[in-house]
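To keep things clear, I will list the structure first and then write my remarks on it.
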Amino acid sequence: MNFCQNRNRLVSLFDSLGPIMTGPSSSHTAGVLRIGRMGRLFLGGDPERIDLFFYGALAETYKGHMSDSAIVGGLLGMREDSPEIGEALSLAEQKNIPVLYHLEPLSKRNPNTVDMLLARRDQSLRVVGISVGGGEILMTEIEDFPIYLQGSEEGILFIADKLFTKEFLAELLEENVLFLEKSVSSNHEERDVLYTCLTEKPLSDIQLKKIEREAGVRKVFPLTCLLDYKLKNDEPLFSSFEGWLHYADSLHISLPEAAIAFEEKRSGLSKGFIREKVQIAWQTMSQSVEKGMGNDLCLLGGLMPHDEGVKLMALVEGGRSLSGETVGKAVARALGVMTLNGCMGCVVAAPTAGSSGVLPGALLTAAEHLSSDIAEIEDALLVAAMTGALIAMRAPVSGALGGCQSEIGVASAMTAAALAQLSGGTAKEVVHASSLALKNILGLICDPVAGPVEIPCIKRNAIGVANAFAASDMAIAGIESIIPPDEVVDALINVQKLLPVELRGSMRGGLASTPTAQKLKDKWFAKLGVKNS
């Protein structure tokens with residue numbers, strides 16, 4: 001086993017194809033909930049007081065994305081797919097846990113930062129994390145000490161004034177130690193050091209007590225993996241589209257098989273477990289399509305109709321759709337899934353909740369058209385997941401960090417690859433399908449109206465679907481992206497960096513700045529009982 005000391009961020013297939021979650025936002029609902037769960041873990045149970053600090057775009061949209069409720073839900077022990085997330089604030093109130101807000105919308109800090117000051121049993125704890133995108137998190141600070149944790153680790157953090165060594169801890173913890181890191185905070189006495197000790201297996205209560213009893217140890221924070229997969233080896237099998245193609249070609253295996261091999265090495269999972277997780281994701285996607293086409297949905301913000309997918313499906317089934325039956329149905333279903341997401345229903349973020357309609361809407365419809373079996377659908381999903389992972393390893397998949405090109409654009413690229421795979425395309429055609437789709441949506445801004453994930457998010461999934469079908473067809477016809485796939489990702493990164501903050505989820509540009517949007521924002525804020533600034 002290799003575990004590099006720099007702990008590279010190596011995205012899993014199930015980071016891009018997931019999480020299975022309650023909507024409406026993977027970054028600002030599922031991701032921040034995971035940060036809340038980490039806070040609960042460090043605190044040792046329910047907090048007795050919660051202070052939340054929001055910066056930049058999140059200070060404007062946290063209510064529309066249910067971020068505060070999700071963080072509190074995580075602090076109370078809820079999971080990402082819990083249907084009770086929307087009730088977390090009420091539950092905290094019932095438990096007499098005050099929740100206070102500190103908002104800095106003009107802050108230059110990372111807008112996906114969650115800063116928590118927590119109190120429990122006469123102790124206070126400051127914990128800071130960043131929602132990276134697609135549900136991924138990075139814990140960056142505890143008690144003013146810098147940390148680097150992704151929620152998939154086992155082990156222990158402890159503050160001490162003694163110089164510990166990896167060898168000493170390995171002996172103390174029965175040779176269970178993988179990694180040891182020290183960090184010092186300027187806000188503490190010079191003798192204070194935070195030790196991050198990562199282990200192969202979870203620590204027992206006896207092992208935790210051993211650390212607590214060591215001379216000089218003042219605070220102990222246990223670490224437990226939040227996920228059902230971990231980072232076992234951070235040396236990637238490949239980290240680019242060119243590498244993916246080369247690996248598959250050199251071993252004479254398919255792209256889906258190469259994706260499985262990537263995950264086997266990264267996470268130490270078996271082929272059977274990987275395929276089982278893909279099957280579960282597909283079952284949830286299929287259910288989200290079915291529920292999204294119902295008539296009993298209720299959008300969180302209520303800023304738009306809840307039955308637009310149903311309306312479009314009626315047009316298609318009536319034979320009046322110019323885009324044809326396949327694309328028309330796929331778009332209708334994508335709208336339905338996104339409506340379900342806006343109603344805090346259960347969806348699969350692929351790669352984000354704001355783009356969760358694209359892949360299921362398109363793939364389910366294409367599979368029906370091609371009479372594909374479940375194994376073929378699984379292979380298509382593996383290709384989609386690998387595509388998303390290769391992009392996400394280099395570029396953020398969050399609207400607040402890189403615009404909607406990071407969400408709908410990446411979802412469309414994942415979907416185009418899946419459609420090309422399902423259509424029997426070659427490995428090269430699959431990769432070029434994703435590249436053609438991604439470069440067609442470069443520059444797409446994130447401009448949510450009023451805050452809820454409704455306008456233009458729901459209908460924007462339609463362009464992701466249509467673009468994916470067009471890109472897949474072009475690639476299967478032999479049309480290639482003249483700009484190589486990995487260079488298209490370079491271009492995405494370049495545009496993300498150049499995109500002004502006003503067009504990255506801040507509600508200060510694009511559609512969000514129109515007079516009608518302002519009226520809808522007034523309506524939404526009045527519903528919340530807060531003043532529109």
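For clarity, every value in this text was computed on a predicted model and none was experimentally measured. These numbers come from the heavy atoms of this one structure, side chains and all, not from hydrogens, waters or symmetry mates.
Between Ile374 and Trp282 there is a side-chain heavy-atom pair separated by less than 4.5 Å. Put simply, the side chain of Val348 does not reach to within 4.5 Å of the side chain of Pro360, judged on heavy atoms. A 4.5 Å side-chain heavy-atom check between Leu245 and Leu255 finds at least one atom pair inside the cut-off. For the pair Glu257/Asp379, no side-chain contact is recorded, criterion being any heavy-atom separation below 4.5 Å from C-beta on. Between Ile71 and Met116 there is a side-chain heavy-atom pair separated by less than 4.5 Å. The side-chain heavy atoms of Lys182 and Leu163, taken from C-beta on, include a pair separated by under 4.5 Å. Counting heavy atoms from C-beta on, the side chains of Leu172 and Ile211 come closer than 4.5 Å. Looking at heavy atoms from C-beta onward, Phe14 lies out of side-chain contact with Asp228 at the 4.5 angstrom threshold.
For Asn461 (side chain) and Gly357 (main-chain N/O), a donor-acceptor pair under 3.5 Å exists by modelled atom type. Side chain of Lys219 to main chain of Leu194: no donor-acceptor pair is present (N/O by atom type, distance under 3.5 Å, no hydrogens or angles). Distance alone, capped at 3.5 Å, is enough to place a donor-acceptor pair between the Ser26 side chain and the Ala353 backbone. Proximity of a side-chain donor or acceptor of Glu487 to a complementary backbone N or O of Pro484 within less than 3.5 Å is not detected. Within the 3.5 Å criterion, the main-chain N or O of Gly443 finds a donor-acceptor partner in the side chain of Gln405. In this structure, the side chain of Gln496 engages the main chain of Pro396 through a donor-acceptor pair within 3.5 Å. The closest donor-acceptor contact from the side chain of Ser355 to the backbone of Ala411 lies at 3.5 Å or more, if one exists at all. Put simply, the side chain of Ser183 gets close to the backbone of Pro146: a donor and an acceptor are under 3.5 Å apart. Judged purely by atom type and a 3.5 angstrom limit, Thr196 has no side-chain atom pairing as donor or acceptor with the backbone of Leu157. In this structure a side-chain-to-backbone donor-acceptor pair under 3.5 Å is missing from Arg266 to Glu235.
Summarising the geometry, atom CG belonging to Asp234 is positioned 9.5 Å from atom NZ belonging to Lys265; distances are rounded to the nearest 0.5 Å. Rounded to the nearest 0.5 angstrom, Ser423 OG and Ile476 CD1 are separated by 5.0 Å. Going from atom CG of Leu436 over to atom CD1 of Ile483 covers 11.0 Å, rounded to the nearest 0.5 Å. To the nearest 0.5 Å, atoms NZ (Lys439) and CG (Leu492) are separated by 14.0 Å. A distance of 5.5 Å separates CE of Met38 from CG of Leu226, quoted to the nearest 0.5 Å. Taken from CZ in Phe164 to CG in Leu180, the straight-line distance is 9.5 Å, to the nearest 0.5 Å.
Taking both residues in full, the closest heavy atoms of Ala385 and Leu17 are given as CB-CB, 3.8 Å, listed atom of the first, atom of the second, then distance. The heavy-atom pair separating Gly399 from Cys446 by the smallest distance is O-CB, 3.7 Å.
A donor and an acceptor atom, one from each side chain of Glu242 and Ser240, are nowhere located under 3.5 Å apart.
Taking a 6.0 Å sphere around NZ of Lys428, one finds it holds 12 or fewer heavy atoms contributed by other residues, nucleotides or ligands. Heavy-atom neighbours of Glu212 CD from other residues, nucleotides or ligands within 6.0 Å: above the threshold of 12. Counting non-hydrogen atoms of other residues, nucleotides and ligands closer than 6.0 Å to CG of Leu498 gives a total above 12. Within 6.0 Å of atom NZ in Lys210, more than 12 heavy atoms from other residues, nucleotides or ligands are found, so the atom counts as buried in its surroundings. Atom CG of Asp205 sits in a sparse spot, with 12 or fewer heavy atoms from other residues, nucleotides or ligands closer than 6.0 Å. Heavy-atom contacts from other residues, nucleotides or ligands closer than 6.0 Å to CD of Gln279 number more than 12.
The only member of Phe179, Phe158, Phe221, Phe168 that meets ring pair (Phe, Tyr, Trp, His ring centres under 6.0 Å) when paired with Tyr195 is Phe158. Just one residue in the list Ser67, Ser131, Ser398 forms a side-chain hydrogen bond (donor to acceptor under 3.5 Å, both in side chains) with Asn112, and that residue is Ser398.
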* Asked: Given the rule in the side-chain contact (heavy atoms from CB on, under 4.5 Å) test, do Ile408 and Val358 qualify, once you have shown the distances and angles that lead to the verdict?
  -> CA-CA 8 Å; Ile408 296 296; Val358 180; 4.3 Å; yes
* To do: Decide side chain to side chain donor-acceptor pair (under 3.5 Å) for Ser82 and Glu84; before the verdict, give the C-alpha distance in whole Å, the side-chain angles of both, and the deciding distance to 0.1 Å.
  => CA-CA 5 Å; Ser82 171; Glu84 289 82 35; 2.9 Å; yes
* Verdict with reasoning, Tyr247 to Trp244, per side-chain contact (heavy atoms from CB on, under 4.5 Å) -> CA-CA 5 Å; Tyr247 182 83; Trp244 186 19; 5.7 Å; no
* To do: Begin from the C-alpha positions of Val177 and Cys197 and carry the test side-chain contact (heavy atoms from CB on, under 4.5 Å) through to its verdict.
  => CA-CA 7 Å; Val177 175; Cys197 176; 3.8 Å; yes
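Salt-bridge check for Glu378 with Arg275: passed, with a basic side-chain N closer than 4.0 Å to an acidic carboxylate O. The existence of a salt bridge linking Glu80 and Arg34 is confirmed by a sub-4.0 Å separation between a basic side-chain nitrogen and an acidic carboxylate oxygen. Ion pairing of Arg460 with Glu407 is absent here, as no side-chain N (NZ or NE/NH1/NH2) approaches a carboxylate O to less than 4.0 Å.
With Tyr229 as the aromatic partner, Lys277 does not meet the cation-pi criteria of under 6.0 angstrom to the ring centre and within 45 degrees of the ring axis.
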